[in-house]
K.L.:
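Pasting a structure below so you can have a look.
Since this is a predicted model, take the numbers as computed values, not measurements.
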Amino acid sequence: MKDINIEDQFQAKIDAEIKIEPKDWMPDEYRKTLIRQISQHAHSEIVGMLPEGNWITRAPTLRRKAALLAKIQDEAGHGLYLYSAAETLGVARIDMLNDLHSGKAKYSSIFNYPTLTWADMGTIGWLVDGAAIMNQIPLCRCSYGPYSRAMIRVCKEESFHQRQGYEILLTMMKGTDAQKRMVQDALNRWWWPAISMFGPNDAESPHSKQSMAWKIKRFSNDDLRQKFIDVTAEQAKILGVTIPDPELKWNEERGHYDFGQINWDEFWEVVKGNGPCNRERLEARRQAWEEGAWVREAATVYAEKKARKNQEAA
Amino acid sequence: MKDWPLWEVFIRSKQGLNHIHAGSLHAADAEMAIENARDVYTRRNEGISIWVVESKHVKASNPEDQGALFDPADNKIYRHPTFYVLPDELKHM
Amino acid sequence: MTKKEALLKYTLRLADNASILGHRLGEWCGHGPVLEQDIAMTNIALDLIGQARNYYQYAAKLEAAGKTEDDYAYLRDPLDYYNLLLLEQPNGNFAHSIVRQYFFDIFHYLFLTALMSSKDKQLAAIAEKSIKEVTYHKKWSGDWILRLGDGTELSNEKMQTAINVLQTYVGELFLMDEVDEMMVKENIGVDLAPIKEEWTRIVQEHFTEAKLKLPDATWTQKGGKQGYHSEHLGYILADMQYLQRTYPGAVW
């Protein structure tokens, strides 16, 4: 009886837009959902550094190199904010990382695609960051305080990411035929994975309903996808590129773009680990972690030695 | 192996303002925590001064005590200037 | 060599140093031993790339041939690159990167401190702008020298190995050639003799605290400042210059 009461109170707080803070009572399932979602989000930021990191040494100008580095560094920062938010729910970062390295935890499938040309840096900024921002802005109002605060910081910092990418593409589209070809090709490869980032169709999305009630999620996958496509289709026109979907067409009646069917078989295969780069991405993360073990260990031992010395001196 | 300890980071954004909680991070010791805080939380000129404190040293009040701790202040309206009725002619008080 | 030629070369050396080390640090991005340090290393990389741009832009002004910063970074061959050999050495493990960074940071700090009083206003201004960044770099790498030197047995061993490997490139930091001599004579450049002394004192003291040893130099690799590099620079430039070289004249 008492439990039902607490749960009702909890829901009432959420309905009244009162944020839930770490020490507040919360249903186990709420906690679990948040840990899963926030850690996946954090992993996505960290793994997401790799496809772009692939081009740091080949960035074509010093200005581009600095911007790309700063952007990837922001992703590291965002991963860090998100791990911190998850830690307030009682899970240690190391446990989350272990889950990532063992393949138990998931991250956004988009990062399992390869970056083949410099235009991919522009396209990732434009589409991947564009989709991420669309997903993330509603999360700034998420019911869980630490997640919401982390997302506010993330969104503020990310505002330059998409512009950075779009500017790369604009510059290339004003350039040579070879450059234009790279841009169109990058769009062809990234378009479908990008619009898959919003997740399965609402009917196939099992956790969505509860997450909406808990205000962890504010808009449905399909709504966000539609919004993204509507905005992006217009941006493609300005850029002068063709979105690789023959069914993409403005629907006057709906006031939205119609679009074709996502290949969900491919989507689920990549989620399962069969994307073109799943193995490399995970291996790169594991390797960095393992090769850093002696460094982390040494710093711990040194800190202990120093603390002991300070104690003796006191 | 365990994580490096978790630290809470407080940043003073400019002279004259309080340090405000910015977030947390992991560091092996206090020195490193300050450096990490600088690198993580002040990349866009957010700060001019940093405090770090190991998270385990922060003692927080319990949400269950919220009523007992904070509600009693609700009915002490005489602590606020608007409680006192003064004539309109009186300015600047 | 005219004074103008010497100044241009002097400036390009400083630019190349910052650019190449920044490039190397950029390779760490996404692969650091812990998230917080990944971010720290990228910060240093960004500082250095920013400094490189300042020097390259000044070089462009000096040469007055309508070049841009990117023409220098992306269109010169290894023979025309003047960075110190130390800075192009591969990242290796974290110990190598820390030792490389620390050796350079101490030098860089002392060098810039002197360069701030250069008669050349522009170089002095860049030095003044950079010194704050470099003060932080040397604190960062210096702290890691202590942690890893006086951490575990394994970390001490890795550090000592890295020191022994990289030590052979240290001598070049202090070698003066005719460009240096001319710049010193003009009160533009920095006399490296006192810097060597100061560097050795600081590093030895720090290493003693960190339980590390600075081996006596028996031989110094040299040539980077004159355009004769280790095999590594060619690969760095092959990566760095790939787009600019493959698509001549394209704007990015």
K.L.:
Give, for atom CE of B:Met32 and atom OH of A:Tyr302, the distance between the pair rounded to the nearest 0.5 Å.
P.N.:
10.0 Å
K.L.:
Side chains of A:Gln73 and B:Arg43: does their closest heavy-atom pair fall under 4.5 Å?
P.N.:
yes
K.L.:
Heavy-atom distances under 4.5 Å only: say whether A:Asp74 touches chain B with side chain, backbone, both or neither.
P.N.:
both
K.L.:
Side chains of A:Lys156 and B:Arg44: does their closest heavy-atom pair fall under 4.5 Å?
P.N.:
no
K.L.:
Indicate the atoms forming the closest heavy-atom contact of B:Val40 with A:Tyr81, along with that distance.
P.N.:
O-OH, 3.6 Å
K.L.:
Walk me through whether A:Ile94 and B:Lys2 qualify under side-chain contact (heavy atoms from CB on, under 4.5 Å).
P.N.:
CA-CA 7 Å; A:Ile94 198 162; B:Lys2 278 176 28 186; 5.6 Å; no
K.L.:
Measure A:Glu87 against the heavy atoms of chain B and call it side chain, backbone, both or neither at under 4.5 Å.
P.N.:
side chain
K.L.:
Does B:Lys76 have more than 12 heavy atoms from other residues, nucleotides or ligands lying within 6.0 Å of its NZ?
P.N.:
yes
K.L.:
Between CZ of A:Arg153 and OH of B:Tyr41, what distance do you get to the nearest 0.5 Å?
P.N.:
6.5 Å
K.L.:
Do other residues, nucleotides or ligands put more than 12 heavy atoms under 6.0 Å from B:Gln66 CD?
P.N.:
no
K.L.:
CG/B:Asp3 to OH/A:Tyr83 distance, rounded to the nearest 0.5 angstrom?
P.N.:
10.5 Å
K.L.:
List the atom of A:Ala303, the atom of B:Asp29, and the distance in Å for their closest heavy-atom pair.
P.N.:
CB-CB, 3.9 Å
K.L.:
Select one option (side chain, backbone, both, neither) describing which atoms of B:Glu31 are under 4.5 Å from chain A's heavy atoms.
P.N.:
side chain
K.L.:
For a 4.5 angstrom cut-off between non-hydrogen side-chain atoms, does A:Lys23 reach B:Asn62?
P.N.:
yes
K.L.:
Check whether B:Ser61 gets within reach of chain A through its side chain, its backbone, both or neither, counting any heavy atom under 4.5 Å.
P.N.:
backbone
K.L.:
Which atoms of B:Glu46 come close to chain A, meaning under 4.5 Å heavy atom to heavy atom: side chain ones, backbone ones, both, or neither?
P.N.:
side chain
K.L.:
For B:Gly23, does its backbone N or O pair with a side-chain atom of A:Ser84 as donor and acceptor, under 3.5 Å?
P.N.:
no
K.L.:
Pick whichever of A:Ala70, A:Ala76, A:Ala299 has the most heavy-atom pairs under 4.5 Å with chain B.
P.N.:
A:Ala299
